[in-house]
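The next block holds one structure in the form of structure tokens; read it before the comments.
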Amino acid sequence: MEEHGPNLHDLDPETFCDYVHSFQFWFDAVQGYLEDRSYGHRSDTPTKELDEKSRDNLITVLCNYCVGETMALEGAGGLIRVAPNRATKIFLSTQAVDEGRHLEILERRLTELGVPRVGEEIERRASPKLFEFHRHLLAYVDAGDWNKAIFAQNVILESMEFASFYTHSVHTLETDPKTHELLVGIIKDERRHIGFGQNELARRIAADASLARELAQVRKDLDPLVFHAFDEVMEKTGAPRDRRTDTGRAYLQAVERLGIE
Amino acid sequence: MKDLALKNDETAAPRARFELDDRGFDEVPKKYRKFYRRWDGPDDTLAPNEVLCPVCKIVIRSHRELLPGDRVYCMACMSRLTVVRGKAGRLEAVLELG
């Protein structure tokens, strides 16, 4: 094996988990795709003019994304206190940094699109269902309910965001390179967030089957809110219906993997 | 090169070994990039040393031929996975629960 260099997959699980939850890992990972970016895109990325309808739709979509990122930022930050161990606390601190960055670059994109008062525009345009989801998530965080909060935030919300951003990024590849680039960067961060949620809960559910039933109730409460909000967003992105179905499917695969019905 | 210490239990043949090259996967620290590549969708054929991460859809690569029971790590989404043979006969990875 030495001839081929150390095999990452031969590491013991504890060493791997400690490393990937560390701030050092986060720093080394994000350098690969953020080093040459300013506010999520390269300085020489061309700005393509959008027609009025496309611009208006994009503003609505970005306003919804800002609500999603705000709740993930508040959720990740709030959960540090109740996280069960040191590695998890450190990971959540990196997630909070990621979410803060996402919010900043999305708001910056709204400013570039000519939105004068971003905060007011978000309040006006974002789906009321997302605000309702936000209230549920913060209630779990405030109650210190680790399992429900991680499920709502890192499984439901992050899976839907991951799939939506991916679909949207494919759609903007030619038409809006700046938005495309910032979405691609966000997706790379989101991989860590969805992985954290699924790995954390998969092990807990394996140890206590009743947890799956408990989380099924959370899903029942939150699914309609998040599906409704993201369907609205997909409609505005102009994504074909089959791509919207893919978005839903990616989320369903995640909850199925956890055995949450 | 063949590694005689690591046998393929399914065929009793030595496991094939692979040199890994950097495929430009930029989401993990530089020294681990060669262990991953992007997935090009359902038409993307995986090599015997590759398996798809079910969580984040990144192709995980190993120095050696993968077999059911092997543990692999997806650094992009921080998942611990076990290789299994799926219903269609292909190698798949599932989340480790222990």
Side-chain angles (χ1 to χ4, degrees), chain A residues 1-17 19-21 24-35 87 91 155 158-159 162-163 166 184-185 187-207 250 253-254 256-259, chain B residues 1-3 5-6 15-22 24-36 38-39 41-42 49-58 60-67 69-83 92-98:
Chain A
M1 191 179 95
E2 285 69 26
E3 191 180 323
H4 300 272
N7 193 346
L8 163 70
H9 308 298
D10 288 337
L11 285 177
D12 70 86
E14 216 167 294
T15 304
F16 174 78
C17 286
Y19 177 55
V20 294
H21 287 94
Q24 188 61 51
F25 167 75
W26 173 87
F27 190 70
D28 292 342
V30 300
Q31 268 187 330
Y33 57 92
L34 293 181
E35 201 171 29
F91 169 77
V155 177
E158 294 281 348
S159 299
F162 181 80
Y166 178 75
V184 167
I187 289 166
K188 292 175 181 184
D189 293 335
E190 303 288 17
R191 279 190 221 286
R192 293 189 295 275
H193 309 165
I194 58 170
F196 172 77
Q198 290 185 39
N199 280 273
E200 175 71 12
L201 289 177
R203 281 189 273 282
R204 287 170 175 265
I205 290 169
Q253 283 173 348
E256 269 170 29
R257 252 194 307 279
L258 295 173
Chain B
M1 137 143 205
K2 303 285 183 186
D3 185 335
L6 293 162
R15 289 200 199 200
R17 301 297 303 255
F18 296 83
E19 286 289 350
L20 302 180
D21 52 342
D22 188 332
F25 185 74
D26 62 2
E27 297 179 35
V28 297
K30 215 170 253 177
K31 67 177 173 176
Y32 298 112
R33 287 183 185 168
K34 63 186 177 182
F35 290 100
Y36 303 96
R38 299 202 184 289
W39 185 50
N49 65 325
E50 295 180 333
V51 69
L52 188 65
C53 173
V55 176
C56 73
K57 309 294 184 201
I58 289 296
I60 302 165
R61 310 167 75 214
S62 172
H63 280 302
R64 59 174 175 258
E65 175 187 5
L66 289 170
L67 290 172
D70 286 347
R71 170 184 288 141
V72 289
Y73 297 115
C74 179
M75 210 171 242
C77 73
M78 315 188 311
S79 292
R80 280 197 280 144
L81 303 154
T82 303
V83 177
E92 294 174 5
V94 295
L95 274 181
E96 249 182 40
L97 302 177

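Every value quoted in this text rests on a predicted model; they were computed, and no experiment measured them. So you know, we letter chains A, B, ... as the sequences are listed, proteins then strands, and number each from 1.
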Nearest atoms (heavy-atom pairs only) where A:L11 meets B:Y73: O-OH, 2.6 Å
Region of A:Q253 in contact with chain B, defined by heavy-atom distances below 4.5 Å: side chain
Validation row: A:R191, B:V28 side chains within 4.5 angstrom (heavy atoms): no
Under 4.5 Å from any heavy atom of chain B - which part of A:A202: both
Smallest separation among heavy atoms of A:A206 and B:L97, with atom names: CB-CB, 3.7 Å
Enclosure of A:Y166 OH (heavy-atom neighbours >12, cutoff 6.0 Å): no
Engaged part of B:L81 at the chain A interface, taking heavy atoms whose separation is under 4.5 Å: neither
Portion of B:C53 that has a non-hydrogen atom of chain A nearer than 4.5 angstrom: neither
Residues that A:D12 engages under salt bridge (Lys or Arg N to Asp or Glu O under 4.0 Å), provided they are two or more places apart: none
Separation between CG of A:N7 and CG of B:L20, rounded to the nearest 0.5 Å: 7.5 Å
Heavy-atom pair count under 4.5 Å with chain B, highest-scoring of A:G32, A:A254, A:P13: A:P13
Side chain proximity check, B:Y32 to A:F25, heavy atoms < 4.5 angstrom: no
Residue, of A:F91, A:F162, A:F27, that accumulates the most heavy atom pairs under 4.5 Å with chain B: A:F91
Closest heavy-atom pair and its distance - B:R80, A:F16: CG-CD2, 4.1 Å
Nearest-0.5 Å distance that lies between atom CG in A:D10 and atom CZ in B:R64: 4.5 Å
Test: B:D26 and A:K188 ion pair at under 4.0 Å: yes
Test side-chain contact (heavy atoms from CB on, under 4.5 Å) applied to B:K34 and A:L8, step by step: CA-CA 10 Å; B:K34 63 186 177 182; A:L8 163 70; over 6 Å; no
Side-chain donor/acceptor of A:H9 to backbone N/O of B:R61, under 3.5 Å: yes
Candidate pair B:M75 and A:V20, rule side-chain contact (heavy atoms from CB on, under 4.5 Å), full reasoning: CA-CA 7 Å; B:M75 210 171 242; A:V20 294; 3.9 Å; yes
Option that, when pairs with chain B are counted at under 4.5 Å, heavy atom only, ranks first among A:Y19, A:F196, A:W26: A:Y19
For A:G195 against B:S79, the heavy-atom pair lying closest together: CA-OG, 4.4 Å
Minimum heavy-atom distance B:C77-A:N199, with the two atoms named: O-ND2, 4.1 Å
Pairs flagged by salt bridge (charged side-chain N to carboxylate O under 4.0 Å, His left out) wherever residues 69-79 of chain B is involved - sequence neighbours left out: B:R15-B:D70, B:R71-B:E96
Structural part of A:R192 lying under 4.5 Å from a heavy atom of chain B: both
